[in-house]
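Reckoned from all heavy atoms, side chains included, excluding hydrogens, waters and symmetry mates. What you are looking at is a predicted structure, and each value in this text was computed from that prediction instead of being measured. Position 1 is the first residue of the sequence, and the numbers go up from there.
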Amino acid sequence: MLADGKIWIGNKADGTRVALTPKLANRHGLIAGATGTGKTVTLRVLAESFSDIGVPVFLADVKGDLASMADAGTDSSDMQERIAKFGLNDDGFSYKAYPVTVWDIFGQKGIPLRTTISEMGPLLLSRLMGLSDVQADILTVVFKIADDQNLLMYDTKDLKAVLNYIAENAKDFEAEYGKMSSQSITAIVRAVVALESIGGESFFSEPALDLADWLCTDENGRGRIQILDSESLIGNSKMYSTFLLWLLSELFERLPEVGDLDKPKMVFFFDEAHLLFNDAPKALLEKIEQVVKLIRSKGVGVYFCTQNPRDIPDGVLAQLGNRIQHALHAYTPADQKSVKAAADSFRVNPEFDTYETIQTLGTGEAIISFLQEDGAPGVCEKVSILPPQSKLGAIDDARRGLLIHGSLYYSKYAEAVDPDSAYELLMRMGLEREAEEEKARAEAEQAKEEAAEEKERQKQELAEQKAQEKADLAAQKAQEKLELAAQKAREREELAAQKAAEKEAAAAERRKKAAVKSVGNSIVGTLGREAGRSALSGMGSVGKKVGANAGASLARGLFSNLFKL
């Protein structure tokens, strides 16, 4: 409720009101206490009051009982008792409903709530996927390559496509971005697949949440209350915490600096806040601390709800100026230490022992310290928390369905869309590359066939040339053989003619010699006979005849020998 322009949260035992000044609400706050001590009611009362002054509110509904803020509270004897206790009838207390929109990352109990891979960023995504430091560094490089290559990563299939693209072309990126082992990239791909199995496939998609839709009021000027159903989400603490941290980071990055306003532009309540910091790497813790420290200048107030203040890192805890501490119980020495630490975080009130009071607080009671007008922490007070004006308890499925489908944002966010992004671009590049490779293969095959044909043609030409040369050589050899045979025939003929001529000459010579011999013989014989006859003429006719024959024979013999010489 509001009182004198302030957010009235409860009363002290003497009836004095304890209220939060709206212009100091963006200095952040803490709502702590054991289970069942009234933290959820306190959260409701604050959220209702912020809505009433026109401040939009975000709530993470871990137990599934905050969506009922959409309905007016119902009267009961307990409520009447509390109304009378605070004298609320005199202050215009009434049951009323608030402008609630319910959301759900899985799209089951609320309007689907989505973001994109690019908007989540490598730091939070690495935490969500449980990557090692080396893998987280590689994922950061992957985001850098995607930005440089204009590869838009909206959903998980975009991220896997980029990872596979980098793995296939690792050598091309190595010189500029450093070596990225295929084993690390494969491990990241497996982590993406695991993320898809727990709902990441539906969470990382379009249309992504437009935070401007949350920074608005209803037609009556009341801040709209955005409730994230987290009953199923809380089962995956990393998904839950990472989403809340992303939401905070997005506001920090997108909202302009506004300085100190009369009231916050928006207030966030993060239930089960310890999950935001469990197993968070140092770099992430530093980023959270920076965002919490600086986001107040953007007009945003952040309230962490948890069981024990020690769940919050000291660097963040130091930024929480407005504190509401419900009961804590010290059953062990460690618990006693926690209670002591919680008590010591308050500015001392001499009227009571803070340490003892924290352990004896009843349900709906709290130790409260709000910032004063000058920004200094106020003295802690023991306060009874006001009752909420909206309905307590959970709503049924029918009512939830009406809230979902009756919302102005349902038509905008109900159906997921798959815009043209890295996956489609790389698919086209792959198809183009395949087409080019197919074309190159076809050209290579054609060139191979043409080369084979050319080789065959050359082979045929060479064979024909060799055959022609062989035929020419055979013809030449045949011609030479014929010419040789003709020459030999001519030589034989010439030799035969020569021999015939020589034979004829010899025969002529013989005939000549024979003729000469015959003539000579005749002459010599005649001469010999005459000589022999003369020599033997004295011997009578017989002597003459013998002398004639002997002289003729002797003369012929001598002539013959002489002729031979």
Side-chain angles (χ1 to χ4, degrees), residues 7 9 20-33 39 42-43 46-47 50 55-60 123-124 127 241-278 280-326 338 341-347 354 366-380:
I7 296 173
I9 188 68
L20 173 63
T21 303
K23 71 177 182 180
L24 298 173
N26 67 334
R27 304 299 176 87
H28 313 316
L30 173 69
I31 303 173
K39 296 193 302 296
T42 301
L43 184 152
L46 282 172
F50 281 122
V55 176
V57 176
F58 169 83
L59 300 170
L123 181 61
L124 292 177
R127 180 180 189 243
S241 60
T242 303
F243 169 75
L244 296 184
L245 293 175
W246 166 79
L247 202 56
L248 201 59
S249 299
E250 281 294 291
L251 281 169
F252 174 70
E253 292 174 3
R254 292 177 181 269
L255 293 179
E257 294 278 346
V258 294
D260 291 325
L261 302 174
D262 292 335
K263 60 184 179 181
K265 294 183 69 173
M266 191 171 193
V267 172
F268 277 73
F269 290 92
F270 290 163
D271 203 359
E272 300 294 337
H274 64 282
L275 297 177
L276 274 65
F277 309 102
N278 286 351
K282 182 180 179 181
L284 182 58
L285 289 175
E286 291 175 351
K287 182 175 178 62
I288 297 171
E289 183 177 341
Q290 178 192 39
V291 169
V292 172
K293 184 184 296 184
L294 300 178
I295 200 171
R296 74 176 187 83
S297 64
K298 306 293 183 82
V300 176
V302 181
Y303 288 74
F304 296 97
C305 305
T306 189
Q307 292 192 19
N308 198 305
R310 70 178 181 179
D311 296 334
I312 310 297
D314 291 341
V316 176
L317 195 62
Q319 307 300 319
L320 310 183
N322 302 302
R323 301 192 179 190
I324 302 173
Q325 179 66 61
H326 288 274
S338 297
D344 291 344
S345 67
F346 287 98
R347 183 177 172 185
T354 307
I367 300 295
I368 294 180
S369 174
F370 290 147
L371 294 175
Q372 302 176 138
E373 293 290 340
D374 60 359
V379 173
C380 65

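Of the candidates Arg296, Lys265, Lys298, Arg296 is the only one forming a salt bridge (charged side-chain N to carboxylate O under 4.0 Å, His left out) with Asp260.
The shortest non-hydrogen separation linking Cys380 to Ile367 is CB-CG2, 3.7 Å. The two residues Leu248 and Ile295 come nearest to each other via the heavy atoms O-CD1, 3.7 Å. Between Val55 and Met266, the shortest heavy-atom contact is CG1-CA, 3.9 Å.
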| task | For the pair Asp271 and Lys39, evaluate salt bridge (Lys or Arg N to Asp or Glu O under 4.0 Å) and give the outcome as yes or no after the intermediate values. | result | CA-CA 10 Å; Asp271 203 359; Lys39 296 193 302 296; over 6 Å; no
Please evaluate residues Val300 and Val267 with respect to the criterion side-chain contact (heavy atoms from CB on, under 4.5 Å), reporting the C-alpha separation (whole Å), side-chain torsions for both, the decisive distance (0.1 Å), and the verdict.
CA-CA 6 Å; Val300 176; Val267 172; over 6 Å; no
Margin query: Under the criterion side-chain contact (heavy atoms from CB on, under 4.5 Å), I'd like the reasoning laid out for Thr306 against Asn308: C-alpha separation, chi angles, the key distance, then a yes or no.
Written below: CA-CA 6 Å; Thr306 189; Asn308 198 305; 5.7 Å; no
Requested in this report: Test side-chain contact (heavy atoms from CB on, under 4.5 Å) on Ser338 and Arg310 and set out the steps.
Outcome: CA-CA 7 Å; Ser338 297; Arg310 70 178 181 179; 2.7 Å; yes
request  = Please step through side-chain contact (heavy atoms from CB on, under 4.5 Å) for the pair Asn26 and Leu261, ending with a clear verdict.
outcome  = CA-CA 9 Å; Asn26 67 334; Leu261 302 174; over 6 Å; no
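When side chains are defined from C-beta on, Phe277 counts as touching Val316, because their heavy atoms get closer than 4.5 Å. Side-chain contact check for Val57 versus Phe268: every heavy-atom pair is 4.5 Å or farther apart. Taking 4.5 Å as the limit, some side-chain heavy atom of Leu245 sits within range of a side-chain heavy atom of Arg127. Gln325 places none of its side-chain heavy atoms less than 4.5 Å from the side chain of Ile368.
Under the rule for a side chain to side chain contact (heavy atoms under 4.5 Å, CB included), the partners of Ala25 that lie at least two apart in sequence or sit in another chain are Leu20, Phe50, Pro264, Tyr303.
Atom CD1 of Ile7 and atom CG of Leu24 lie 10.5 Å apart (nearest 0.5 Å). Rounded to the nearest 0.5 angstrom, Cys305 SG and Asp311 CG are separated by 12.0 Å. Note that OG of Ser249 is 8.0 Å distant from CG of Leu123, once rounded to the nearest 0.5 Å. Within the model, atoms CZ of Phe270 and CZ of Phe58 stand 6.0 Å from one another, a figure rounded to the nearest 0.5 Å. Expressed to the nearest 0.5 Å, how far CZ of Phe304 lies from CG of Leu276 amounts to 6.5 Å. The CD atom of Gln319 sits 13.0 Å away from the CG atom of Leu30 when rounded to the nearest 0.5 Å.
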Please report, to 0.1 Å, the donor-acceptor pairs under 3.5 Å made by any side chain of residues 370-379, with sequence neighbours excluded.
| residue | atom | partner | partner atom | Å |
| --- | --- | --- | --- | --- |
| Glu373 | OE2 | Thr21 | OG1 | 3.2 |
| Asp374 | OD1 | Ala376 | N | 3.0 |

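Annotation: Asp262, atom CG; neighbour count of heavy atoms from other residues, nucleotides and ligands within 6.0 Å does not exceed 12. The number of heavy-atom neighbours closer than 6.0 Å to CG of Asp344, taken from other residues, nucleotides and ligands shown, is above 12.
Between Arg323 and Ser369, the side chains place no donor N or O within less than 3.5 Å of an acceptor N or O (distance only, hydrogens not considered).
When atom types are taken as modelled, the side chain of His326 and the backbone of Ile31 share no donor-acceptor pair closer than 3.5 angstrom.
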